[in-house]
Amino acid sequence: MDPFRLIIDGKKVPAKQCFEVLNPATEKVAGLAPLATKDDLENAVRAARVAQKAWAKETERKRQTACRRIAERIEAHSEELAQLLTAEQGKPLNGLGSRWEIGGAVAWTQYTASLSMPPKILQDNNEGRVELFRKPIGVVGSILPWNFPVLIAIWHIIPAVLAGNAVVCKPSPYTPLTTLRLVELMNEVLPRGVVNCVTGDDDLGPMMSGHPDIGKIVFTGSCATGKKIYASASETMKRLTLELGGNDAGIVLPDVDPKQIAEGLFWGAFINTGQTCAALKRLYVHEDVYEDVCDELVKFARKMPMGAGTEDSAMLGPVQNLRQFEIVRDLVADARGKGRVLLGGDVPAPSSRKQGYFFPLTLIADLDNGDRLVDEEQFGPALPIIRFSDIDEVIEKANDNPNGLGGSVWSRDVTEARRVAARMECGSVWINKHGMIQPNAPFGGVKQSGVGVEFGQEGLEEYTDIQVVFS
Ligand code: NAD
């Protein structure tokens, strides 16, 4: 098995050591990733610094064209990327899986390439002219999680590059391979050094967040790591975009048709087998429709096949890694004694677990705030369901969480749903759906779910500093 290489200064660079990347469906080695050293990181940052100076001088139009060409490269290699993604991440090829993620990466890149940041004239009169320019920051460090290793890399890299920055990207040690290949494809289009990719263990991230020549960190991952990055980035006053964990509440009002909303609720919660930042992670249902919503959800969930991502029929895959599997197992084991198990919940003990990190789809009713599966982010295929009778009380419960990424309200009365939405403490609220992000709408968390936004004009501007010229 040929090891993958680092991508530094437009070249494929072999590392002295490699590490194994496991296929979560088989627990067999999917590929060998290069273990970057501190020197490799230094080389990548140096290459990025040099490349950025020339890249920033290019016209915006030229950078837009380069981004469009990146979209073409990804599209041309979409099946290869999807297969590799399934092998290392575990998600199904079909449904809302790898092919969908690669298609999303193409669409996101194309849309972002159409954005522009012309100077703004703030004043132009007898007293003078005042102009606002958006200037690139310099070198952007991108630190990625393992749940959407391609799409999230695109979300970090494309706006950074479009704005005139260079990037050093660091994938999660669990899913480095597809991102390495993605960056290799980008290098077929971009000048050398504009996008670099280093892979390794969790020691690399802190070296990046403390690095004096990196001007901004864009990080997607857990709240715990986000807090460490926030602290270490303060030393060099780095710009930060932090997209952190969520514990999104969904509130189901009494006027819904349970059968009609079951599919939307299901995919809101279980997209990517629940391993999605803005998935529905706590479901609050009004008592008038509570049992019916539970029944319809169970009926729908029973029909959803889980299997290895390469199986054509699989709609749900394994949990991506053993560490996450154990987190979900622990939370479900705690919830079983407190609530009513509607589906799944039979947690395989480590000794009797069959091959692959498959965790049964789990629905547990009659839980409440204060139970761990409700209060903590599960990030896996287990959903707690909570009964409510009073709207003020349920809004208080939904907001009683340190996270504030997304939320949803389910009702036939959209006006009433919007009223409830306005009272929810989160960065995005969906009505009669959950988690539907799009490239033209800013996305980010409030409270401890993060700092800043991605996507759209507002997301692009986060890759710039403002300079105002008075003449
Ligand atoms: P994680 O925080 O464990 O790891 C993320 C990345 O940080 C990895 O690349 C890791 O190597 C690196 N890292 C680890 N320690 C570091 C340190 N001290 N300094 C710098 N980097 C370090 O997260 P994960 O388990 O990969 O991802 C799951 C989490 O990500 C969940 O909480 C999920 O909600 C969140 N997430 C959020 C979003 C969003 O947009 N808000 C999207 C996807 C995932």
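When a ligand or atom number is given, it counts from 1 through the structure's own listing order. A quick note: this is a predicted structure, and the numbers were derived from the prediction, not measured. All residue numbers in this chain count up from 1 along the given sequence.
Residue contact annotation: Gly445 has no non-hydrogen atom under 4.0 Å from ligand 1. Heavy atoms of Pro171 come nearer than 4.0 angstrom to ligand 1 in at least one pair. Using a 4.0 Å cutoff on heavy atoms, Pro206 counts as a contact of ligand 1.
Here Met208 has no heavy atoms under 4.0 Å from ligand 1, in either its backbone or its side chain. Neither the backbone nor the side chain of Phe148 has any atom closer than 4.0 Å to an atom of ligand 1 (non-hydrogen atoms only). Counting heavy atoms closer than 4.0 Å to ligand 1, residue Leu204 contributes nothing at all. Of the heavy atoms in Pro173, only side-chain atoms (C-beta onward) come closer than 4.0 Å to ligand 1. The residue Thr276 has no part lying near ligand 1, judged by heavy-atom distances below 4.0 Å. Heavy atoms of Phe443 found under 4.0 angstrom from ligand 1 belong exclusively to the side chain. Of the heavy atoms in Lys228, only side-chain atoms (C-beta onward) come closer than 4.0 Å to ligand 1. Neither the backbone nor the side chain of Met207 has a heavy atom within less than 4.0 Å of ligand 1.
A salt bridge links Asp465 with Arg239; the closest basic N to acidic carboxylate O contact falls under 4.0 Å. Note on Arg49 versus Asp213: salt bridge recorded, some NZ/NE/NH1/NH2 to OD/OE distance being below 4.0 Å. Using a 4.0 Å cut-off between charged nitrogen and carboxylate oxygen, Arg336 and Asp346 count as a salt-bridge pair. Glu42 has a carboxylate O that lies under 4.0 Å from a charged side-chain N of Lys38, or vice versa, which qualifies the two as a salt bridge.
Note on ring orientation: taking the six-membered ring where Trp is involved, the planes of Phe443 and Trp430 are tilted (angle from 30° to 60°). Ring geometry for Trp146 against Phe379 counts as perpendicular: the plane angle is over 60°, on a 0 to 90° scale with 30° as the lower cut. Using cut-offs of 30° and 60° on the angle between ring planes, the pair Trp108 and Trp155 is tilted. In this structure, Trp267 and Phe300 have perpendicular ring planes: the angle between them is above 60°, well past the 30° mark.
The single protein non-hydrogen atom nearest to atom 6 (C) of ligand 1 is Leu144 O, 3.3 Å, given as residue, atom name and distance. Looking only at protein heavy atoms, the nearest one to atom 27 (O) of ligand 1 is Pro145 CB, 3.5 Å. Taking atom 41 (N) of ligand 1 as the reference point, the nearest protein heavy-atom neighbour is Leu244 O, 2.6 Å. In terms of protein heavy-atom proximity, atom 35 (C) of ligand 1 is nearest to Gly221 O, 3.1 Å. Atom 36 (N) of ligand 1 has Cys277 CB, 3.5 Å as its closest protein atom, hydrogens excluded (heavy atom only). The nearest protein atom to atom 33 (C) of ligand 1, hydrogens excluded, is given as Phe379 CE1, 3.2 Å; this is a heavy-atom distance. Closest protein heavy atom to atom 24 (P) of ligand 1: Trp146 NE1, 3.4 Å. Scanning the protein heavy atoms around atom 16 (C) of ligand 1, the nearest turns out to be Thr225 CG2, 3.3 Å.
Residue contacts with ligand 1: Gly205 is placed with no nitrogen or oxygen under 3.5 Å of a nitrogen or oxygen of the ligand (distance criterion only). Checked against a 3.5 angstrom limit, the closest N/O atoms of Glu454 and ligand 1 fall outside it. Annotation: Glu377 places an N or O atom under 3.5 Å from an N or O atom of ligand 1; distance criterion only. For ligand 1, none of its N or O atoms has an N or O atom of Asn147 under 3.5 Å away. The N/O atoms of Ile143, backbone and side chain alike, include none that comes under 3.5 Å of an N/O atom in ligand 1. Taking distance alone, with nitrogen or oxygen atoms compared against 3.5 Å, Phe219 stays at or beyond that limit from ligand 1.
A cation-pi contact, defined as under 6.0 Å to the ring centre and within 45° of the axis, links Lys91 to Phe148. In this structure, Lys216 is positioned above the aromatic face of Tyr463, its NZ or CZ under 6.0 Å from the six-membered ring centre and within 45° of the axis.
Close contacts of ligand 1 with Gly246, meaning ligand atoms under 4.0 Å from a residue heavy atom, involve 34 (O). The Arg323 neighbourhood of ligand 1 comprises atoms 3 (O), 25 (O), with distances under 4.0 Å to a heavy atom of that residue.
By the 4.5 Å heavy-atom criterion applied to side chains, Gln320 and Tyr174 are counted as neighbours. In this structure, the side chains of Arg5 and Val13 stay at 4.5 Å or more apart for every pair of heavy atoms. When side chains are defined from C-beta on, Phe4 counts as touching Leu84, because their heavy atoms get closer than 4.5 Å. Side-chain contact between Leu6 and Thr199 is present, with at least one heavy-atom pair separated by less than 4.5 Å.
Among Asp202, Asp201, Ile152, the residue whose heavy atom lies closest to atom 11 (O) of ligand 1 is Asp202. Nearest to atom 2 (O) of ligand 1 by heavy-atom distance, out of Gly200, Ser172, Ser222, Cys169, is Ser222.
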Quiz item: Which is it for Leu331 and Arg372 under the side-chain contact (heavy atoms from CB on, under 4.5 Å) test, yes or no, and what are the steps along the way?
Solution: CA-CA 6 Å; Leu331 289 174; Arg372 287 185 58 210; 3.5 Å; yes
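For the 3.5 Å distance criterion, the side chains of Trp100 and Ser98 fail to qualify, holding no donor opposite an acceptor.
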